[in-house]
Number of protein chains: 2
Amino acid sequence: MVDVARHAGVSLKTVSRVVNKAPNVQQELVNRVLAAVDELGFRRNQLASALRSGQQTATVGLLIEEIANPFYATIAHVAAEVAAGFDSLLITASSEEDPVREERLLRDLCARRVDGLLVVPAGYDHAFLKSEVEQGIPVVFLDRPAGGLVADTVLLDNRGGARAGVEHLLTQGHRRIGILLDTIGVYTMHERLGGAQDALAAASVPYDAGLVRDGVRDPVTAATAVAEMLDSADPPTAFFALNNRITVGVVQELWRRKSQAAIVGFDDFELSHLMPMPLTLIAYDTRELARQAAELLFARIAKESFWPRTVVLPTQLVQRGLQ
Amino acid sequence: MVDVARHAGVSLKTVSRVVNKAPNVQQELVNRVLAAVDELGFRRNQLASALRSGQQTATVGLLIEEIANPFYATIAHVAAEVAAGFDSLLITASSEEDPVREERLLRDLCARRVDGLLVVPAGYDHAFLKSEVEQGIPVVFLDRPAGGLVADTVLLDNRGGARAGVEHLLTQGHRRIGILLDTIGVYTMHERLGGAQDALAAASVPYDAGLVRDGVRDPVTAATAVAEMLDSADPPTAFFALNNRITVGVVQELWRRKSQAAIVGFDDFELSHLMPMPLTLIAYDTRELARQAAELLFARIAKESFWPRTVVLPTQLVQRGLQ
DNA sequence: CACACTCCATACAACGTTGTCCGTGTGGGT
DNA sequence: ACCCACACGGACAACGTTGTATGGAGTGTG
């Protein structure tokens with residue numbers, strides 16, 4: 001800035017005024033300064049600026065599990081969109097479902113003095129964020145609730161959606177329903193399984209733990225699990241897949257052996273309508289999930305104070321696949 | 001830090017030494033300081049740290065078109081992985097194919113003093129980055145080359161891949177091949193179309209501009225274009241889709257009308273093997289593309305000096321879809 | 001001609017941290 | 001008793017920017 005001032009023949013302070021679009025500067029000087037800025041290729045140092053003038057880094061942290069997953073990619077997209085509306089950029093970090101990594105990344109983001117945090121929790125204890133929150137960094141959790149911390153949260157109606165999905169199978173006469181899920185420890189999986197159990201109980205269908213498989217991490221293990229269950233003595237006539245990767249695996253195996261078993265899956269996915277068999281899916285608006293969370297965060301950043309909110313978004317039963 | 005020093009009964013300087021893991025500090029003092037850090041919830045201010053000690057923000061900028069697109073999501077994932085290996089975080093920004101937005105975002109990233117930039121260009125002129133590069137911010141371009149700037153670049157063999165794809169159709173006897181592409185102005189599209197023309201010319205098949213449709217932005221317009229071409233007087237017997245969104249649209253329309261036309265598509269995609277008809281796809285290793293670019297960038301950041309490199313990665317013809 | 005007002009220069013401190021230099025005390029080796 | 005390395009404190013400047021304060025030149029007003 002000193003160079004720019006010299007080059008434009010004005011004072012350092014005037015350059016600062018121009019760069020910050022402060023009023024009370026003659027148009028001619030503004031032009032001279034801008035010309036000098038252009039000529040010297042000057043860019044104001046955001047670090048120094050943020051350091052000096054209180055705390056506005058115009059940067060927001062987003063912590064997700066894995067950016068390659070379309071669900072989180074959508075969240076990142078919407079969050080970036082909302083952030084852009086507030087002239088902010090997004091630092092996206094992936095915890096890979098590892099609570100240790102999660103804590104390290106969140107601390108790092110705080111050290112960078114981001115204006116706020118959007119977090120899809122991987123761990124169960126976020127008490128370590130308490131001091132940061134007290135020091136004024138707003139945090140909004142989405143998709144999963146925080147542990148040991150009262151904070152704004154935006155969730156999906158996992159339980160209600162799962163219940164509706166299983167009810168759909170029950171009204172079609174299915175009584176033996178294979179249920180496939182990823183890690184039971186993850187909040188969403190736990191809730192969805194709970195919803196399925198609710199539906200079974202409401203219809204007085206006994207809950208058979210032998211029909212439930214957990215640790216189904218990807219399409220391949222899902223296909224294997226389906227094969228085993230279908231080859232058992234009393235096979236299921238329908239499957240409930242608790243996420244879209246599992247749904248894909250189930251489709252693959254059922255199609256391979258031309259099975260007529262029904263499928264209900266949690267999560268819609270991009271090419272679901274091109275799948276070779278009818279699917280009933282529990283869909284929801286991922287964009288809306290992210291939008292609400294991001295806007296909540298920026299409301300907090302703008303110092304709007306209100307009690308921590310928890311928003312729960314509805315799900316919807318839809319029919320997909322080639323008929 | 002002053003508070004921490006007081007609380008631990010040591011000097012400010014010693015706290016700095018401990019926080020920076022400098023040698024020559026007694027273990028007992030280290031423990032006292034760390035205890036005080038923990039108790040007061042102190043986090044070193046990265047901004048101030050980076051400002052003072054030269055330039056190491058441990059942050060890298062990634063500019064892509066759109067994070068919701070799985071191709072870019074994969075790039076973001078790998079870039080973040082590599083960055084994590086260097087204890088860095090990623091600021092991801094989406095240009096949405098808008099050169100104006102691109103320039104604004106890149107300037108913003110430079111103002112934040114990122115250690116380096118990974119850029120998938122949207123515009124054609126990146127001369128404005130020259131001064132930044134001279135000031136020491138390394139830039140690596142990927143998937144598309146930069147305009148008006150000599151810099152490290154990692155590309156795919158778009159032309160060779162497209163040529164191989166069309167050659168595949170030609171050897172199967174197809175002579176009328178419908179070609180569908182997105183904006184011709186985009187580098188990748190231009191190269192792929194060029195490769196297709198190369199193949200046609202090599203086989204002495206006349207190039208019929210009536211068989212080429214551009215401006216095919218999504219699956220729906222692709223399906224419409226396919227319908228129109230099939231309903232024309234002399235319909236194509238095969239289609240070459242220049243990206244995966246177009247491929248999906250072609251599949252949809254061909255399946256709807258039970259057409260036997262052949263498909264070759266550029267880009268593989270996640271559920272391609274579950275598509276209801278055989279597809280020949282030009283696949284490539286997106287992860288490798290991103291990995292090479294990211295590692296090139298960090299090599300530059302580590303001040304390894306060598307002539308700007310251009311790396312071109314091969315493509316591969318693969319068979320997909322339910323047979 | 002005194003007065004207020006605008007526009008700007010100059011000077012200085014501060015944001016939180018780190019590099020440098022110097023000074024001091026301690027313990028170990030000759 | 002000597003020297004020396006080591007561990008630490010204290011003081012200060014600096015990174016690039018912005019907020020505050022002060023004063024001066026120029027313009028317009030009564």
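Each chain gets a letter, A, B and so on, in the order its sequence line appears, and its residues count up from 1. Everything quoted here is computed from the prediction, not taken from an experiment.
Atom C1' of nucleotide C:dC8 and atom CZ of A:Arg32 are separated by 11 Å, given to the nearest angstrom. One can place CD of B:Gln56 at 14 Å from P of C:dT18, the figure rounded to the nearest angstrom.
For the side-chain hydrogen bond (donor to acceptor under 3.5 Å, both in side chains) with B:Ser95, the qualifying choice from B:Glu65, B:Arg104, B:Glu102, B:Glu66 is B:Glu65, the only one to do so.
Contact record, B:Ala50 with A:Leu47: CB-CD2, 3.5 Å, taken as the closest heavy-atom pair. Closest heavy-atom contact between A:Asp182 and A:Met189: N-SD, 3.6 Å.
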Sequence neighbours excluded and cut-off under 3.5 Å, please list the side-chain donor-acceptor pairs for residues 68-83 of chain A, or say none.
{"residue": "A:Asn69", "atom": "OD1", "partner": "A:Phe71", "partner atom": "N", "Å": "2.9"}
{"residue": "A:Thr74", "atom": "OG1", "partner": "A:Pro70", "partner atom": "O", "Å": "2.8"}
{"residue": "A:Glu81", "atom": "OE1", "partner": "A:Arg287", "partner atom": "NH2", "Å": "3.4"}

Cut-off 3.5 Å, no hydrogens considered: what does the side-chain donor-acceptor table look like for residues 34-43 of chain A, sequence neighbours left out?
{"residue": "A:Arg43", "atom": "NE", "partner": "B:Glu132", "partner atom": "OE2", "Å": "2.3"}
{"residue": "A:Arg43", "atom": "NH2", "partner": "B:Glu132", "partner atom": "OE2", "Å": "3.1"}

Checklist outcome for this item: Expected string for nucleotides 15-24 of chain D under the B/S/- scheme (protein heavy atoms, under 4.0 Å, primed atoms plus P, OP1, OP2 as sugar-phosphate) is BBBBBB----
